[in-house]
There are 2 protein chains.
Amino acid sequence: MTDKVSSKDKLIKTASRLFQLQGYHATGLNQITKESGAPKGSLYYHFPNGKEELAIESVRLTAKFVTNRMNASLRKKDDPVEAIQQFIVELVEEFKQERRTDGVPIAAVALETALVSEPLREECRLAYESFQNVFTNKLIASGYDEKKAKELGVVIHSMIEGSFLTSFTAGNVDALLVISKQIPVLLN
Amino acid sequence: MTDKVSSKDKLIKTASRLFQLQGYHATGLNQITKESGAPKGSLYYHFPNGKEELAIESVRLTAKFVTNRMNASLRKKDDPVEAIQQFIVELVEEFKQERRTDGVPIAAVALETALVSEPLREECRLAYESFQNVFTNKLIASGYDEKKAKELGVVIHSMIEGSFLTSFTAGNVDALLVISKQIPVLLN
DNA sequence: GTCTATACGTTGATAGAC
DNA sequence: GTCTATCAACGTATAGAC
């Protein structure tokens, strides 16, 4: 039982990283098995439905990981404006690392597969819902009424997602820094 | 000279549509030539650098097309708040068409290739810059000072890009409608 | 649970005739 | 400008031994 999940976990972890960096179609199963160090023949044992199933579980893992990271960041400040800006600062810092170890979480997979794989699309939708809820919950805890908090959760998530995409493409953090300044305007 | 550019144009137009719908790696050159109706053997004559070159010109065409569309939409109202909301309304209407004829412009290509193709990344960066400038120019024309207008251009573009991604993934227009309500708050 | 071998399609790309 | 033939590489997936 000790190593029973180890192989499966290695595959999911490696796949999560590669899907994030390269997207869905550019990432081959050969590359995943090779880089994971997991036994090559074990992939279809753990994921009978092949690549799609592996991608679904990878998106789920990435969503959980990112959500936890967001929550940990937002906990550092009581004031929601400062908390969200703190989170963006951490995004910026990570972005500045020379060695780009990850891209925009799940975005490439979502765009590539939303029209062709219903279960994969649904898993991506859940991921974004989870990201929105992190902001919404922070606002509710700060006294915002639920309706307003839900709307602002969507707005803040959209701003960060969009500026992350822009920054990723531009290769700099300009867009992220600009939207950070507008957070106080939004939370009035 | 009449049909000289016709074949090349057909290839670029078809490629633009397919890259937008399926992403870069999922779209094969065979599919592009077949659906374009352009002669199969002409691709490497018009695009000696192969797929990358075709993608660059496709992103350029998409950027020009979308920019024009945005400008046409924003021209319909003098007030910048109403104008931007008008644009979002048109996005929503188009989104509701059953037959999904296009996805999120260039986003998939940008995410898939930014880390592996410098010229393609640069073309995507220019596209986003062009989108931002549409909003910025509208604000300048409405009396905003240049610095403020540039910042708000980035912010509005980020919000729309992010909510478009979210809506595309969710399969509904909820996020787009929510951010539209926040435009007046931002333009204060 | 894991491994090897293999099947079969498709990819991007090139060469050479026309 | 266009076409056909062809290439090697890689894609996913399966079968069957261990």
Side-chain angles (χ1 to χ4, degrees), chain A residues 1-59 108-109 112-113 115-120, chain B residues 1-59 108-109 112-113 115-121 123:
Chain A
M1 179 91 91
T2 18
D3 289 357
K4 210 176 197 176
V5 289
S6 176
S7 224
K8 185 172 184 177
D9 279 358
K10 278 195 286 188
L11 285 169
I12 298 180
K13 268 184 196 163
T14 304
S16 300
R17 180 173 52 84
L18 292 176
F19 283 144
Q20 196 171 130
L21 279 173
Q22 310 174 338
Y24 182 79
H25 287 102
T27 304
L29 300 182
N30 291 339
Q31 188 187 10
I32 295 173
T33 49
K34 183 191 279 183
E35 292 201 18
S36 71
K40 199 169 186 174
S42 66
L43 199 152
Y44 278 89
Y45 172 80
H46 293 296
F47 308 94
N49 280 359
K51 192 180 189 179
E52 185 186 47
E53 186 179 356
L54 175 56
I56 290 173
E57 299 217 34
S58 297
V59 169
V109 175
E112 286 178 90
T113 66
L115 262 31
V116 291
S117 166
E118 187 58 22
L120 200 35
Chain B
M1 179 91 93
T2 19
D3 289 359
K4 209 174 196 177
V5 289
S6 176
S7 223
K8 185 172 185 178
D9 279 357
K10 279 196 285 187
L11 285 169
I12 298 180
K13 268 183 197 164
T14 303
S16 299
R17 180 172 54 84
L18 292 176
F19 283 144
Q20 194 171 133
L21 279 173
Q22 310 173 338
Y24 182 79
H25 288 100
T27 303
L29 299 181
N30 292 339
Q31 188 188 10
I32 294 173
T33 48
K34 183 191 281 182
E35 293 200 18
S36 71
K40 200 169 185 174
S42 66
L43 200 150
Y44 277 90
Y45 171 80
H46 294 295
F47 307 94
N49 280 0
K51 191 179 188 179
E52 186 186 46
E53 186 179 355
L54 175 56
I56 289 174
E57 299 218 33
S58 297
V59 168
V109 174
E112 286 178 89
T113 66
L115 263 32
V116 292
S117 166
E118 187 58 21
L120 201 34
R121 185 196 67 73
E123 198 63 44

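The figures that follow rest on heavy atoms only: side chains count, while hydrogens, waters and symmetry mates do not. Each chain gets a letter, A, B and so on, in the order the sequences are listed, and its residues count up from 1.
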> Please walk me through it: do A:Asn49 and A:Ile56 pass side-chain contact (heavy atoms from CB on, under 4.5 Å)?
CA-CA 10 Å; A:Asn49 280 359; A:Ile56 290 173; over 6 Å; no
> So does B:Gly23 get a backbone contact from the side chain of B:Glu112, meaning a donor-acceptor N/O pair under 3.5 Å?
no
> With side-chain contact (heavy atoms from CB on, under 4.5 Å) as the criterion, how do A:Tyr45 and A:Lys8 come out once you've worked through the C-alpha distance, each side chain's angles and the decisive distance to 0.1 Å?
CA-CA 9 Å; A:Tyr45 172 80; A:Lys8 185 172 184 177; over 6 Å; no
> Starting at atom OH of A:Tyr45, determine the distance to atom P of C:dT4, rounded to an integer number of angstrom.
18 Å
> Assign a letter to each nucleotide of nucleotides 12-18 of chain C from its 5' end: B, base within under 4.0 Å of a protein heavy atom; S, sugar-phosphate only; -, no contact.
SBB----
> Under the side-chain contact (heavy atoms from CB on, under 4.5 Å) rule, what do A:Tyr24 and A:Glu52 come out as? Steps first, then yes or no, please.
CA-CA 9 Å; A:Tyr24 182 79; A:Glu52 185 186 47; 4.2 Å; yes
> Let me see the working for A:Phe19 and A:Val59 under side-chain contact (heavy atoms from CB on, under 4.5 Å), right down to the final yes or no.
CA-CA 9 Å; A:Phe19 283 144; A:Val59 169; over 6 Å; no
> Once you round it to whole Å, what is the distance between P of D:dA13 and CD of A:Glu53?
11 Å
> Once you round it to whole Å, what is the distance between C1' of D:dT2 and NZ of B:Lys8?
16 Å
> Any side-chain to backbone donor/acceptor pair from A:Thr14 onto A:Leu11? Under 3.5 Å, distance only.
no
> Without decimals, in angstroms, what is the distance between B:Leu18 CG and C:dT11 C1'?
15 Å
> D:dT14 P sits how many Å from A:Phe47 CZ, rounded?
16 Å
> Rounded to whole Å, how long is the line connecting atom NZ of A:Lys40 with atom P of C:dT6?
13 Å
